[in-house]
Amino acid sequence: MAVQPLTKWTTGLFDCCDDKSSCCYGFWCCPCLACTVAGKFGENRCLPLCDIFSPAITAACGLPLCAPPAALALRVGIRNRYGVKGSVCKDIATSCFCMWCSWCQMHRELKYRKKNRTVVVNMQPAPVMMVPGNPAPVILANQ
């Protein structure tokens, strides 16, 4: 199996103006955009709600939570699925400090990947069954 080289994100973190519809969607209703991104990636659409409710729940138990779990998990998942360069450390920083921009970037990435889907076809020759040759007739001589 050939290993694909790592690529960059198709748009930068702050390239919201590259796709004005994603930018407006994220600005006016970022929780809805986050749920859309989760759905397009194949996860449960309600997954980003963990980012909204988990800090309050964990803080009530005395455990502060800084990194939004859904945003971080989806960002790492998108990077791994599409071979995008980066690290978990960068994903944590992006998810913590630029969450809305991160959701917009992931939305633009999924739109781009869906539009420019690459299909790899591995054509192999059809299997051939080898039939053994006819054996030479055996002649028994009467003695």
Side-chain angles (χ1 to χ4, degrees), residues 1-140:
M1 185 171 137
V3 177
Q4 293 180 339
L6 294 178
T7 61
K8 290 182 177 181
W9 289 91
T10 55
T11 59
L13 186 61
F14 302 111
D15 290 342
C16 291
C17 293
D18 287 355
D19 180 8
K20 290 176 182 47
S21 64
S22 292
C23 179
C24 288
Y25 191 19
F27 180 77
W28 294 108
C29 191
C30 195
C32 298
L33 174 72
C35 292
T36 299
V37 169
K40 283 186 175 188
F41 191 64
E43 295 294 334
N44 188 318
R45 287 186 177 271
C46 296
L47 182 64
L49 297 178
C50 293
D51 289 349
I52 296 169
F53 297 119
S54 61
I57 293 169
T58 57
C61 296
L63 300 170
L65 180 67
C66 296
L72 178 60
L74 285 169
R75 188 166 181 85
V76 170
I78 288 171
R79 261 193 336 94
N80 286 331
R81 181 179 292 175
Y82 298 116
V84 177
K85 290 180 190 175
S87 68
V88 175
C89 186
K90 288 180 183 178
D91 292 334
I92 291 171
T94 302
S95 298
C96 288
F97 300 112
C98 304
M99 188 189 305
W100 302 141
C101 295
S102 174
W103 282 115
C104 288
Q105 184 184 35
M106 290 187 285
H107 188 253
R108 290 190 306 270
E109 189 72 25
L110 291 175
K111 280 175 67 173
Y112 174 81
R113 299 292 177 161
K114 184 178 180 185
K115 188 187 322 179
N116 299 318
R117 186 171 294 181
T118 328
V119 177
V120 178
V121 178
N122 184 5
M123 295 295 292
Q124 296 180 354
V128 177
M129 170 131 356
M130 300 299 290
V131 179
N134 292 335
V138 178
I139 301 174
L140 296 174

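None of the values given here were measured: they were computed from a predicted structure.
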Say you draw a straight line from [atom1] of [X] to [atom2] of [Y]; how long is it, rounded to the nearest 0.5 Å?
X	Y	atom1	atom2	value
Lys40	Leu74	NZ	CG	13.5 Å
Thr7	Arg79	OG1	CZ	10.5 Å
Ile78	Arg113	CD1	CZ	10.0 Å
Leu72	Cys96	CG	SG	7.5 Å

Answer whether the closest heavy-atom distance between the side chains of [X] and [Y] falls below 4.5 Å.
X	Y	result
Arg108	Cys23	no
Trp100	Leu33	no
Leu13	Lys90	no
Trp103	Pro48	yes

Item to check | Minimal non-hydrogen separation, Ala38 against Asn44, with atom names | outcome: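 Smallest interatomic distance, heavy atoms only, reads CB-O, 3.5 Å.
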Checklist entry - Backbone N or O of Thr10 within a donor-acceptor pair of the Glu109 side chain at under 3.5 Å? => result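 Confirmed, Glu109 side chain pairs with Thr10 backbone.
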Item to check | Residue pairs, two or more places apart or on separate chains, that pass side chain to side chain donor-acceptor pair (under 3.5 Å) and touch residues 21-38 | outcome: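 Non-adjacent pairs meeting side chain to side chain donor-acceptor pair (under 3.5 Å): Asp19-Ser21, Asp19-Ser22, Ser21-Lys111, Ser22-His107, Tyr25-Thr36.
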Checklist entry - Going by atom types alone, do Arg75 and Ser95 pair a side-chain donor with an acceptor below 3.5 Å? => result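 Ser95 and Arg75 do not have a side-chain donor-acceptor pair below 3.5 Å.
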Next on the checklist: Would you say CZ of Phe41 has more than 12 non-hydrogen atoms from neighbouring residues, nucleotides or ligands within 6.0 angstrom?
Outcome noted: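 Counting other residues, nucleotides and ligands, CZ of Phe41 exceeds 12 neighbours.
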